[in-house]
There are 2 protein chains.
Amino acid sequence: MSLSHVLLGMLNKPASGYELKQYFEQSVRHFWYAELSQIYPALAKLEKEGMLSSKKTASDKGPSKKVYTRTSSGKKELQEWLAAGPVLRTERIAYLTQLFFLDEISNAKRISFMEELRDDFAARHKELKSAETNWAAQDPGFPDQLPDTGLVKHMTLRSGLLKYAVMVEWCQECIAF
Amino acid sequence: MSLSHVLLGMLNKPASGYELKQYFEQSVRHFWYAELSQIYPALAKLEKEGMLSSKKTASDKGPSKKVYTRTSSGKKELQEWLAAGPVLRTERIAYLTQLFFLDEISNAKRISFMEELRDDFAARHKELKSAETNWAAQDPGFPDQLPDTGLVKHMTLRSGLLKYAVMVEWCQECIAF
DNA sequence: TTGGACATGTAATGAGTTACATGATTCT
DNA sequence: AGAATCATGTAACTCATTACATGTCCAA
């Protein structure tokens, strides 16, 4: 239901598959993941469906690339997806599932599991914090004078900061217990 | 990588596919989802691999059912999965992805999107809260005298309560802005 | 007797992962 | 010359969703 929509969202500006993968890693990566081997066929399919158009373009570094542009039909599809409201309760959170069954392993292993989890949440929090710092340094309008585009990015960023902060505390509480 | 492990975890006590689906809806549903049409073949595969054994058993209500039991090999597989540490950064959270691109729709639509999101978080919080209340009513040992099994369930429940509470507040903040 | 919960599956399709394959360009 | 990065893909496989198909047992 979804990589296509993510790509349509990212193709706000024309880009090649390789570039899209890089943007992925810097932003959407925190809540969506895709391999290049999934991205290329997805782009081809979107083009076949008329949501994107492409043209070969010389690259500044490396071989020539296939740059995709979102068509009006692609934009419409994206807007319909968004206007239909949030896609809810489809998340699959492996670590919570594991935690739910964690009584199947020893107490020592449970603790190191929770420590690893805490460390990862802390790392994610730190990543977001530094993204925020960089943004603030580069953009004088941050965080109060943002355009719509920046506003929703900021909201997304903030949800991560709040969530990971709570989750780190929660892990500490679990470990302490 | 995973429905199999979830099933192995739930087969702590023998159960049929139909029963497992019901347990799913009551517990794991908050962080994992599976259709019956996915569960049945997964159980069959686990049996073929020697992780489960099954036998046909009469039901109190309805036709006879196929009750699966976890074998020692199945238990070992589960423990290895858990001992390998948390499966991290594989979550795909559709609503955050949508939010990230939400500047593509009108302000009015953005607000109703956030309201719907907030209402769902609030509903999830309420579901967990009532699960906690029921548990407390039925179990005199709740929450301080829990066995390992109950302890990890409580930890999981608590993570959801904390997370959804923060997310509701965050939505409010977004809407107010 | 009919509707609902109980019970188990298959088939077709779509989405995602892992492994493989190829080649251009740039930097050292 | 060799390594790193840039660039695009295919193939085989696994996992997940949607639609279909079938049938039992019980209560109203």
Side-chain angles (χ1 to χ4, degrees), chain A residues 1-8 14-26 28-29 31-49 51-52 54-68 77 81 87-94 97, chain B residues 1-8 14-26 28-29 31-49 51-52 54-68 77 81 87-94 97:
Chain A
M1 135 231 95
S2 250
L3 173 64
S4 309
H5 291 115
V6 183
L7 294 173
L8 288 172
S16 68
Y18 193 83
E19 288 166 336
L20 287 168
K21 171 64 172 168
Q22 292 177 315
Y23 300 163
F24 245 88
E25 293 308 311
Q26 293 161 33
V28 182
R29 181 64 189 90
F31 34 84
W32 203 269
Y33 178 77
E35 294 286 342
L36 264 176
S37 59
Q38 193 191 356
I39 292 171
Y40 287 125
L43 289 169
K45 198 186 169 212
L46 284 167
E47 185 172 23
K48 210 179 65 192
E49 292 166 346
M51 311 270 191
L52 301 178
S54 71
K55 71 176 160 193
K56 206 155 235 184
T57 311
S59 176
D60 15 334
K61 292 240 165 178
S64 67
K65 58 195 176 180
K66 206 165 166 185
V67 173
Y68 288 90
E77 173 60 33
W81 180 56
V87 173
L88 298 169
R89 301 184 189 220
T90 57
E91 312 98 271
R92 280 162 206 221
I93 305 177
T97 312
Chain B
M1 132 231 99
S2 253
L3 172 64
S4 309
H5 291 116
V6 184
L7 294 173
L8 288 173
S16 69
Y18 193 85
E19 288 166 335
L20 287 168
K21 171 65 173 168
Q22 292 176 314
Y23 302 161
F24 245 87
E25 293 307 311
Q26 293 161 31
V28 182
R29 180 66 188 90
F31 35 84
W32 204 269
Y33 178 75
E35 294 286 343
L36 264 176
S37 59
Q38 193 191 356
I39 292 171
Y40 287 125
L43 289 169
K45 198 188 168 209
L46 284 166
E47 185 172 24
K48 210 180 64 191
E49 293 166 344
M51 311 270 190
L52 301 177
S54 72
K55 72 177 161 192
K56 205 154 234 183
T57 310
S59 176
D60 14 333
K61 292 240 164 178
S64 67
K65 58 194 176 181
K66 206 165 164 183
V67 172
Y68 288 91
E77 173 61 32
W81 180 56
V87 173
L88 299 170
R89 302 184 188 220
T90 57
E91 312 98 90
R92 280 164 205 218
I93 306 178
T97 312

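We name chains A, B, ... by the order of the sequence lines, and we start the count at 1 in each one.
- Contact record, B:Trp81 with B:Ser2: CZ2-OG, 3.6 Å, taken as the closest heavy-atom pair.
- Distances shorter than 4.0 Å separate some side-chain N or O of A:Gln38 from OP1 or OP2 on C:dT17.
- Backbone-only engagement by B:Lys45 is indicated by non-hydrogen atom pairs under 4.0 Å involving sugar-phosphate atoms exclusively.
- Checked by atom type, the side-chain pair A:Tyr40/A:Gln38 shows no donor-acceptor distance below 3.5 Å.
- When heavy atoms are screened at a 4.0 angstrom cut-off, A:Gln22 is found touching the sugar-phosphate backbone but no base atom.
- Across the protein-nucleic acid pair, A:Arg89 atom CZ and D:dT17 atom P stand 16 Å apart, rounded to whole Å.
- For A:Lys56, no side-chain nitrogen or oxygen approaches OP1 or OP2 of D:dT8 to under 4.0 Å.
- Within the structure, a side-chain polar atom (N or O) of A:Tyr18 is placed less than 4.0 Å from OP1 or OP2 of D:dC6.
- When all heavy atoms are compared, the tightest approach of A:Leu3 to A:Ala34 is CD1-CB, 3.8 Å.
- Distance B:Asp60 CG to D:dC26 P: 10 Å, rounded to the nearest Å.
- As rounded to whole Å, 13 Å separates atom P of C:dC6 from atom CD of B:Glu25.
- The NZ atom of B:Lys55 sits 15 Å away from the P atom of C:dT8 (whole-angstrom rounding).
- When distances are taken from the side chain of B:Pro41 to each of C:dT26, C:dT10, D:dT24, the shortest belongs to C:dT10.
- B:Thr57 places a side-chain N or O within 3.5 Å of a backbone atom of B:Lys55 that can act as its donor or acceptor partner.
- Between A:Lys65 and the phosphate of C:dA24, there is no side-chain N or O to OP1/OP2 separation shorter than 4.0 Å.
- When rounded to the nearest whole Å, the span between CG of B:Leu36 and P of D:dA19 equals 16 Å.
- Phosphate contact (OP1/OP2 of C:dT17, side-chain N/O of B:Arg92, threshold under 4.0 Å): present.
- Distance, A:Leu43 CG to D:dA7 P: 14 Å, rounded to whole Å.
- Shortest non-hydrogen contact noted between A:Glu25 and A:Tyr33 is OE2-CE1, 4.0 Å.
- Taking every heavy atom of both residues into account, A:Ser54 and A:Lys66 meet most closely at OG-CE, 3.8 Å.
- Between the NZ atom of B:Lys21 and the C1' atom of C:dG9 there is a distance of 15 Å, given to the nearest Å.
- Among the nucleotides D:dT24, D:dA7, D:dT17, the one closest to the side chain of B:Tyr33 is D:dT17.
- Residue-to-nucleotide contacts include no donor-acceptor pair under 3.5 Å from the side chain of B:Ser64 to the base of D:dT24.
- Between B:Glu47 atom CD and C:dT8 atom C1' there is a gap of 14 Å when expressed in whole angstrom units.
- Residue A:Glu35 is the one, among A:Lys61 and A:Glu35, whose nearest nucleotide of DNA chain C lies closer to the 5' end (criterion: closest heavy atom).
- Using a 4.0 Å cut-off, some side-chain N or O of B:Tyr40 falls inside it from OP1 or OP2 of C:dT8.
- Residue B:Ser37 has its side chain nearest to D:dT18 when only C:dA7, D:dT18, D:dT8 are considered.
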